Every structure is written in C-alpha cells, then in structure tokens.
K.L.:
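Handing you this structure, nothing more for now.
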Amino acid sequence: MAYKTHNNGELRLADVDKKIILSGWVNKRRDHGGLIFIDLRDGSGIVQVVFNPESSLESHAKAHSLRQEWVVKIEGIVRMRPKEAINPHIATGEIEVLAENLEILNPSLTPPFEIVEDKEPAEELRLKYRYLDLRRQVCKDRLILRHKVMQRTRRFLDEKGFLEIETPQLIRSTPEGARDFLVPSRLIRGKFYALPQSPQLFKQILMVAGFERYFQIARCFRDEDLRADRQPEFTQLDIEASFIDEEYIYSLMEEFIKVLFLDILGIDIPIPLIRISYDDSLLRFGTDKPDLRFGMEIRDLAFLSESDVKIFQTASTIRGIKASGLSGSRKEMDELTEFVKTKGAGGLAWFKVEGGSLSSPLAKFLKEPELKRIQDRFSAEDGDVILIVADKKKVVEQALSELRLSLGEKLGLIKEGFSFCWIIDPPLMEYSEEEKAYKPSHHPFTSPKETDWQIIFISPEKTKARAYDLVLNGSEIGGGSIRIHRRELQETIFNSLKIQEEAKKEFDFLLTAFSYGAPPHGGIALGLDRLIMMMAKASSIRDVIAFPKTQTGTCPLTSAPFSVSPAQLSELGIKVL
RNA sequence: GGGGUGGUGGUGUAGCCAGGUUAACAUAUCAGGCUGUCAACCUGAAGAUCGAGGGUUCAAAUCCCUUCCAUCCCGCCA
C-alpha cells in the first residue's frame, strides 16, 4: 500500500495533471463550508490540498473533521491554481492538489502549544514535547545543517587520509580537568568507570600505535554547570596526527573551515586565518577569545602611573578603550561605571573629547601633557569618550574586555559574519591561587616551546606552550597542541605541576606507551555543537541538539535523571546517602 | 555556591511599581455560518484556585518571607 508517490514540498507546475498520493500532517485547515483547504506538511515541505464537494462529496465531508497535526493520506490530482490564488510565499504556491480521496491515518490530540514557525513557548514545554517542537521547519533546518556539517567533515578528513576510529565511552577516571560523570562497575564492586571528557589519551595512544592520521566525532561528557553554549554531553571533532607541527594543524583546519563554510553556507572564509599571540590578545582585547568583528582595541596607559592621580599611582595596570557614539552624559557614565564594578573593577575613569581637549572630573588632577598623551594614544576626536580602568592586570583585562563587548553591541559595531582567528603561544601553565600550585593552562600533555623549555624550572608561568585555540566571533570553538612524546619530558612536566606521585599512577599507561617509541604528534579538537550553533546563528547550543538538557541537567521529555530501584543499587553495591 | 530576569485560561502576553467591581488581550479549543483561502473570515460558547507554601491586611495576582521550575551570567568548564 503506497503512502506517497511524491513529497509535498517538491510539487511544481511540471506535475500538473498528475494523479498522485501524498501523506503527511495537517499543518493548517481553512474551512469555508463549501471549499476546505488544508496545508499538508511532510519532511519536504508544505502543499495546499483542496476539498471540493463537487469532486468528492465523501472526502469533503471527512475533511470537516480534520484538525491540526492529524496524519492523513490523500489521493488527488495536481492542478494549477487560479491566477489570483497563487501564493508566492511558499515553494509550491503555484499549484494545489485537488483531493479525490482522504484517509485518516492517525488523529492527534490538540497540541499543548501552537506549532507555528515564529512562535516559541517556554523552553521547558518545547523540550517536554520536543517531537512537536521539532516539527517546525526552523528546528528541522538546524538539525539538517548539523547533518551536513558531519557528513562534510567525514568526507574532508577521509580525503585527507584520516581514519575514523572509535574510542571507549567507559574509561578510567583521571583527576585532571572537569568533574567526571561516573558509572559504577557491577562486575568489580566498588570500582567506577568515568565517561570521557574527551578522547585525549586514547588518541595519543593511537599515535603511538602508528595510526598517523586519526579523527573521531566523539561524544564527550563533563559534569559541570551548564550555559547557553555548554551541555553536559557534547560533540567534539577530535583530530590527531603524527610527524607534524603547528603549521600542519593550522593549514588543515583552515582548509576545513573554508570548505565547510563554502559548501554548506556558501560563505567564503579568507585564509590563512590571522594569528594573535595569547599575550597580545590579552593586551588588545583583554581576553584570549577576542571578538574581531569590531575594533575598539584596548590601549595601555602605563605612563599615567607617574601622574598625581592616586588610583593611577597604585594600580599595577592602567588601560582604556575609546568609544565613539556615546552621549557622554553623567547618567551614561554612571551606568558604565556600575557595569565595570560588577566585573570586579574599582571604578571607571572617563574623559570626553570636547573642543579638541579632554574634559573629565579627573582632568584637574592631570597635567596638560598627560591629557594630551591620553588623547594621542587613542587618536581621539571630538565626541569620543575614553574609558579607563586602573587595577590589577587581570581585573583590568576582564573589565575592559566585557566593557568592549557591551559597548560594541550597544553601539551596533558588531558586523555580521564570521571572524576567525588563532590564538597562539599561550603559557604552558598558570599559577592557581586556590591550589597553591601550577596548573596546565591547556592540559598536562602539551609540549613546551623548545626555546623556552629550560625556563620551566626558573619561572614556570613564563614558559610558552605549543598550543593554539581557534576562536570565532569571540567564542572558543577549538583548541589543541603539539603533545609531549618523550617520557622524560612528560615526567618533567608532571614534576613541575607537582602532581608527580598522583600522575605517575593515573597516567602510568601513557608514560609506559611513550617508552616504546612514540612519534612526535599533535592535534586539535573542535566543539562541533558550538560551531554549528554559530553557523546556524542560533542563540543556544540547545537549538542544534535534538534532545538537549535543561540548565539543571534534566531532560523534560524523559524525566532523566530519575531514581533507580533499590535492587539496581544493591546489585552495584551502592547506597544513596 | 552567588547575581539578574521570568512563572497569570492549552499557548503567548497585559495587569503587579501605586493592594479594592466579574483578572484583560491575542491565539488555540468547541459549536454554527460561509466555494478561493493561505495569520481565512463572521457569530457565539467554554476555559484561570495568578508556580507552590506561609505571612501582613477589612481586602493580595499585586506587599513581605520561604521554596520549586525555566532562563541568562559569575564561579566552575585541564
């Protein structure tokens, strides 16, 4: 029994006079008493079906009872619409299907919310009835985009000689990084598996095994708090290669990005992508993931520490930005001051350029050459406002970074489009105040820059890493590094991180593997959900995941997580406290 | 763990700041009408203990406290 001879959305003038069978959902019914129109929707789109009592009294009568989301099968004839009834807004708008027979395949309850393209109910409802939410074309399109990205990715890497190899989902827990999701072992009571935060160790082991080009579209798990762009389970494009250096990764990924955007979005991303050093990025943008869609770069004003203004004398770092297009009103300055205070800064110094010179409550405490120098530093002209934060380096960077983004948005400076960059030469490790120890800024398998690696012992925070992040529009969408492949160096790094004893045990298998001729290798991992989210111009990662979790990590559709039976627990030897 | 926003018929919102008739509007639903609609239209009907609990008050959707849920952010995310 045939359900369809054609797809609804694909019918065109060329199909006129064909006798066809269609199936799908009733998207909309317009009942004129005499004539009844329904918009019939399937995976391909929508077509209008007309019920006319003159051509089929029986199906016309049946069509009266149709409601939204009923599933029906229709036999009929494609015909041209009357000229005045052509609908230019839909692809099938020049034709319609005159129904001769209507079969109701499955009625539907009244949906809990209207399934309309441009209206969205509360997110919790959307997720509870995700199958209804996903009936909207906008939702479908995002998952179709995701499919295309995955297919194109596989083809691209296959053509480059990469092998797709799966790695385990049940692995051992290691202390580094994010919190693990744990899975109790039944066979060995009291022991636990962890779900992988990334396939990092396995892909390095694959390199030791001699697979010189590996990739995987890997599901990863991190038990941390959620955000608009963070889910507890997410998908990573994981890549690793042997006998390569940074340049190989840069050009591979640049070609990949170019192909992906060109083939799927028809957008030509210029390559090579610009590279900005980590230090430079912090100086110019206050962050290691700069949004390059607009300028408004941060300038250093260290010379002000010589001035008579006390806060400038005591602050370790003085930097500022120039904004054009602000009103410069007292109220506005107060708001901006409040804004940077919420970001941790003590306050905001501001200067307005009026009549060629700077005016400010602070102006009377500064000498004329100092004011001139501030203005020159920004090439500021009448109407510009210069905003300065003086504080500890980290605070200044963060406050100005946030201020820059906020003003960029407020002043409408952020251009449409996709601005990629590489952030390179980050520090190998950072000092953690909380833990009173050095922590790897990427991960402990990252190779130090050869020129720098002797100073690991002298000043660890000054050692640069052979690591790189890929940044798109102010979002980190990927990161990787050239790895350590020699056991001694890896042990040295573990030593510097003061996790030697622990690490020896946790990563013994890796160190052992490195003892058997590990090739030089490196790689990268891209957050695919995030990349797709940006390609789709979606505001949340949830929009590009078929069945995402809420912010508290629940699934309203299935009510996960849920309690388990005492029998299940006792089998695992687990007791809930 | 902390901060912001929101929770009112099925859905989306208004009302809340400044307490006081029958909680308003749109849409969906139901019934009737209608032969060219495509956000169909016209007429009518039904539908809400205002997230939950407590308090203040003669009187609470409105003020106060607690709590839950959603969402955004900080912390966290090698």
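This one's a predicted model, so the numbers in the text were calculated from it and none came from an experiment. Chain letters run A, B, ... following the sequence lines, proteins first, then strands; residues in each count from 1. Only this structure's heavy atoms are used, side chains among them; waters, hydrogens and symmetry mates stay out.
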K.L.:
Who does B:C38 pair with, Watson-Crick or G-U, both distances under 3.5 Å?
P.N.:
none
K.L.:
Could you check how far NZ of A:K128 sits from P of B:G10, rounded to whole Å?
P.N.:
13 Å
K.L.:
Given atom CZ of A:R179 and atom P of B:G1, what is their separation to the nearest angstrom?
P.N.:
11 Å
K.L.:
Say you pick atom P in B:A61 and the same atom in B:G3; how far apart are they, in whole Å?
P.N.:
28 Å
K.L.:
Which base sits across from B:C25 as a Watson-Crick or G-U pair, both distances under 3.5 Å?
P.N.:
B:G12
K.L.:
Expressed as a whole number of Å, how far does the P atom of B:A28 sit from that of B:A39?
P.N.:
12 Å
K.L.:
Write down the distance separating the C1' atoms in B:G54 and B:G12, rounded off to the nearest Å.
P.N.:
30 Å
K.L.:
With C1' as the reference atom in both, quote the distance from B:C58 to B:G53 in angstrom, rounded to an integer.
P.N.:
23 Å
K.L.:
Report the residues that fulfil salt bridge (charged side-chain N to carboxylate O under 4.0 Å, His left out) with A:R30, sequence neighbours left out, ordered by chain and then residue number.
P.N.:
A:D39
K.L.:
Pick the C1' atom in B:A70 and in B:A31, then give their distance to the nearest Å.
P.N.:
37 Å
K.L.:
If the condition is salt bridge (charged side-chain N to carboxylate O under 4.0 Å, His left out), which residues does A:E69 pass it with, not counting sequence neighbours?
P.N.:
A:R41, A:R135
K.L.:
State, to 0.1 Å, how close A:L472 and A:M534 come at their nearest heavy-atom pair, and which atoms those are.
P.N.:
O-CE, 3.3 Å
K.L.:
Are A:R404 and A:S406 close enough that a side-chain donor and a side-chain acceptor fall under 3.5 Å?
P.N.:
no
K.L.:
Whole Å only: how far is the CZ atom of A:F113 from the C1' atom of B:U13?
P.N.:
17 Å
K.L.:
Considering only atom P, compute the distance from B:U56 to B:G15 and round it to an integer number of Å.
P.N.:
29 Å
K.L.:
The criterion is salt bridge (charged side-chain N to carboxylate O under 4.0 Å, His left out); which residues satisfy it with A:E114, sequence neighbours excluded?
P.N.:
A:K119
K.L.:
Polar pairs (N or O, both sides) under 3.5 Å between protein and nucleotides 69-74 of chain B?
P.N.:
{"unit_1": "B:C69", "atom_1": "O2'", "unit_2": "A:E124", "atom_2": "OE1", "d": "3.0"}
{"unit_1": "B:C69", "atom_1": "O2'", "unit_2": "A:E124", "atom_2": "OE2", "d": "3.4"}
{"unit_1": "B:A70", "atom_1": "OP1", "unit_2": "A:T550", "atom_2": "OG1", "d": "3.0"}
{"unit_1": "B:A70", "atom_1": "OP1", "unit_2": "A:T552", "atom_2": "OG1", "d": "2.8"}
{"unit_1": "B:A70", "atom_1": "OP1", "unit_2": "A:T554", "atom_2": "OG1", "d": "3.4"}
{"unit_1": "B:A70", "atom_1": "OP2", "unit_2": "A:T552", "atom_2": "OG1", "d": "3.0"}
{"unit_1": "B:U71", "atom_1": "OP2", "unit_2": "A:Q551", "atom_2": "N", "d": "2.7"}
{"unit_1": "B:U71", "atom_1": "O3'", "unit_2": "A:R542", "atom_2": "NH2", "d": "3.2"}
{"unit_1": "B:C72", "atom_1": "OP1", "unit_2": "A:R542", "atom_2": "NH1", "d": "3.3"}
{"unit_1": "B:C72", "atom_1": "OP1", "unit_2": "A:R542", "atom_2": "NH2", "d": "2.8"}
{"unit_1": "B:C72", "atom_1": "OP2", "unit_2": "A:R542", "atom_2": "NH1", "d": "3.3"}
{"unit_1": "B:C73", "atom_1": "OP2", "unit_2": "A:A228", "atom_2": "N", "d": "3.1"}
{"unit_1": "B:C74", "atom_1": "OP2", "unit_2": "A:R227", "atom_2": "NE", "d": "3.0"}

K.L.:
Provide the distance between the two C1' atoms, one in B:A59 and one in B:U21, to the nearest whole Å.
P.N.:
13 Å
K.L.:
Tell me every residue that passes side-chain contact (heavy atoms from CB on, under 4.5 Å) with A:A228, counting only those two or more places apart in sequence or in another chain.
P.N.:
none
K.L.:
Who pairs with A:R81 by salt bridge (charged side-chain N to carboxylate O under 4.0 Å, His left out), at least two apart in sequence or on another chain?
P.N.:
none
K.L.:
So which nucleotide does B:U5 pair with, by the Watson-Crick or G-U wobble rule with both distances under 3.5 Å?
P.N.:
B:A70
K.L.:
Under a 4.5 Å cut-off applied to non-hydrogen side-chain atoms, are A:V183 and A:L195 in contact?
P.N.:
yes
K.L.:
Using atom C1' of each nucleotide, how far apart are B:G6 and B:A52 to the nearest Å?
P.N.:
16 Å
K.L.:
B:G10 C1' sits how many Å from A:L125 CG, rounded?
P.N.:
9 Å
K.L.:
Between A:P440 and A:E120, who's closer to the 5' end of RNA chain B by nearest nucleotide?
P.N.:
A:E120
K.L.:
State which residues pass side-chain hydrogen bond (donor to acceptor under 3.5 Å, both in side chains) with A:K18; sequence neighbours excluded, sorted by chain then number.
P.N.:
A:D15
K.L.:
Categorize A:T342 for me: base, sugar-phosphate, or nothing, with a 4.0 angstrom heavy-atom threshold over every strand shown.
P.N.:
nothing
K.L.:
A:R227: what forms a side-chain contact (heavy atoms from CB on, under 4.5 Å) with it, not counting sequence neighbours?
P.N.:
A:D225, A:D229, A:R230
K.L.:
Go ahead and name the base partner of B:A61; Watson-Crick or wobble counts if both distances stay under 3.5 Å, otherwise write none.
P.N.:
none
K.L.:
In the 5'-to-3' direction, what one-character label does each nucleotide of nucleotides 23-42 of chain B receive under the scheme B = base within less than 4.0 Å of a protein heavy atom, S = sugar-phosphate only, - = no such atom?
P.N.:
----BSSSS--BBBBB-B--
